Amino acid sequence: MSVIDDSMRPMLDTFIFETTTLLDQLDEILLEAEKEKALTDDQINEIFRTMHTVKGSAAMMGLNDISVMTHRAEDMFFIIRDDPSKMDDQNTGVIFDILFQVSDFLRQELGNIQENPDDYQPEDPTQLTGIIQHEIAVLKGEAAHEAAPAAAAAPAVAPAAAEAPAAATATGDHVHTFRVFFQDDAQMVHVRAFMLMNRLKEYGEVLDSVPPNPEVSPGALKEIEENGFMFRIEFEGDIGLISHVIEEDTDVASYEEVEAEAPAAADAPAAQMQQEADDSAEDTQVAEKPVEVQRKTAGGGPSPGKQSLISVNQSKLDNLVNIMGEIVIAESMVASNPDLKDLPLDNFNKSARQLRKLTDQLQDIVMSIRMVPLTGTFQKMGRIVRDMNKNLGKDTELVTLGGEVEVDKNITDVLADPLMHMIRNSMDHGIEMPEDRRAAGKREPARVVLQAQNVGSDIVITIEDNGKGLNREVLLNKAERNGILTKPRSDYSDKEAFMLIMTAGFSTNEVVTEYSGRGVGMDVVRKNIEKVGGTVSVDSVPGEGTTFTIKIPLTLAIVDGMEVGVAEDTFTIPITSISQIYKLSEETELLYDTDGTEMVMVRGECYPIIRLHRIYDIDTEVTELSEGILIIVESGESKACIFTDRLIGEQQVVVKSFPKFFDRYNVKELGFSGCTIMGDGSISLILDINSLLGAYRTDSSSMVRSMY
Amino acid sequence: MADVTAQVIDISVERDELEGKSLTFFIGDTMYGLPLTNVLEIIGVQPIATVPGTPAYVKGVINLRGGIVPLVDVRLKFGQMPREYDDQTNVIITVLDDITVGLVVDRVSNVIKAEAVDTSSLPEFSTVNNNRYMTSVSRVGDMLVMNLNCETILEDDNILHIG
């Protein structure tokens, strides 16, 4: 069994890519700083954050050696960040050496993983962490330099390097063994076995299987077809749930739960596990010769996984999207060229249809290149919550909603890190220990809700926990001690006090944990999100929980829109805002309020009417309500009827923001969130129902009044 | 002159070669010049989507190869009577800093070189609004060219602002 969890496999490429990029940046900083023989505050912070990020994602991947190493390095920089003067002439050289060694160590590990992800065994970080540990002591003034080499080998500091494999082999009463047979006509049963295993991972830990790694090992297909697929799963609770999951798989013909004692069933996995336990034991004991251990385990694994991701310059993608738009237009210009009118063109039309089909496909692909659903990002969080539950002894469930919301790639990139930090923060600081919850009389299970929504022209992501909430006084005390209060305590509103946790150098937890760190996370969160023009806010009710709200504007997102026409102009109304579309009969009576606002009664509810042609001053022939179309829209609590000339149709559109030129005209306040290019090359303005209702409900009434 | 419509100025040309040259165009009978360094290309009039809540001279937006480009009608910007667009009407796509704007003009004329013309700065002759859009006057043969200031043209003009 590999160190790297199979469920994490799909993220391996991303992890390697991201970490390599970070290490490159780190090296650049180090080289530059070494030349100057000093570190600036910014550089210290940057190194600190790099270590923090690498630590976080390595912990997520279950790569303990890397996370331990970076954790130590982070510790060291914590001291330096606190008091940069500690970096005196004597220390500087040593610290740079250590950092380069750390960087080399991480690169080597990454290289090993990349080369042989299936049989990867972590290198022992003890020696290096020992050196760092010593340097930390020196920095603290507790030790002198001369003793460094001796401390290096000290086993006392040997951290959790070997804990991971050992933990994975833990057995208990909750281990069940299943044998599954697939349908005779099922194709690629080894992949199906792998998928089944992945599904089951949501419920418990799949310890091992026969054959192991069915999706990659040669011969697995045949073996599964003949002997069935056998696996052991560690699962606490009603085993019926697991049976149910297996039954749900339509390709499964039959399955049985095998008694763990049954020799046929348990032999192979047990033997394998024994071997594994030995290996890890050896790993800890022979810490001085890790290379040997590695050589032993690295032999004869399956072919290495190649990196399947490439990074593309964003501007190239932008170009691609633009050219694509032009091709679509050119295509329709050719196919419906007026010169071809009334000509018998059977063959031409056939080819033109073919071309259209291809360009449509191409367009879909081009659009989809940049857009990714948040599901992937959300899934990573599930893993974090699971691991933290185990480590902190908490019992929290993660509920994710709205993972299907699609966002631009660059937004997911920006989001991944902050979300990770925030979830950790909620888990670590927000959610109480189970006994504390019981003592507080909280019946419902601890829960973190991660939700994404498309709201108007923003993507709103909320992270809500039902933990202990934030304590205003505690926050203020802490901030006062750290000297980050900018005004008298009494002047802080609750909201401002809560926002203090997003300030650099603030941490409410006295104990530094592997997860939430020291408050570096939350200020990174804010910085990262503000970088893309977003905002973060915190809200909390003591004793009931805390809610973080991230708001990020869409610069490019696909929206399902209803196209409507007013005279020559087209507008796009987001489908999510529309509750009903209908046509008035001529007899329908209008109501007028005291201001003269036109209103219409639909199924007992009264809606004010907003005439698009009137508020946007468009000349149209359709002014009788019965001639046009009424669209009932709602945003939050407010509802209204929008009157347009005609419906054009439903379409998925790509939201483009208005050119900068329009910044001076407040188009946003007029109710536009952006524009979009239609299939025929024409431009449609996208209505933002929220601001439209805000801007015109009062306006339209005054306009109507002036008419009467 | 209509063939200019299709002509796209090659922007890969060295910037030095563009320096000191002007693109001239007509509004009515008056010839105006625009620094060539600000000109990206010249296109014909395309379908325009109007944007409510903007001054009359902001005609709306067009789709330029997938990009949204605002159009400013120079005629209206200068406070002259509107004129129906015809096949001579051109849009000059100009770039200033990172803002791209299409200028609608009656017709595009020519590219002239500064050294071939006799240029003089503007007299402080009037408080006429148009004055602020110009940098100098040049003589080319028997024609006068009003050299325009790209920055002020693209600026908002409160006097004409409606809404």
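All values derive from a computational prediction rather than experimental measurement.
Heavy atoms of A/Ile683 lying under 4.5 Å from chain B belong to its backbone as well as its side chain. Interface remark: B/Val101 contributes side-chain atoms only to the contact with chain A (heavy atom separation under 4.5 Å). For A/Asp569, the part sitting under 4.5 Å from any heavy atom of chain B is the side chain, from C-beta outward, and nothing else.
The 12-atom threshold is not exceeded at CG of A/Asp617, counting heavy atoms of other residues, nucleotides or ligands nearer than 6.0 Å. Environment of CG in B/Asp86: crowded, with over 12 heavy atoms of neighbouring residues, nucleotides or ligands closer than 6.0 Å.
Between B/Ile68 and A/Ile677 there is a side-chain heavy-atom pair separated by less than 4.5 Å. In this structure, the side chains of B/Pro55 and A/Tyr665 come closer than 4.5 Å at one or more pairs of heavy atoms.
The CD atom of A/Glu568 sits 12.0 Å away from atom CD1 of B/Ile48, with the distance rounded to the nearest 0.5 Å.
Exactly one residue among B/Leu96, B/Thr100, B/Val72 makes a side chain to side chain contact (heavy atoms under 4.5 Å, CB included) with A/Phe661. That residue is B/Val72.
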* Give the intermediate values and the outcome of side-chain contact (heavy atoms from CB on, under 4.5 Å) for residues A/Phe662 and B/Val61. => CA-CA 10 Å; A/Phe662 288 100; B/Val61 285; 3.4 Å; yes

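In this model, no donor atom of one side chain and acceptor atom of the other lie less than 3.5 Å apart for B/Asn63 and A/Ser682.
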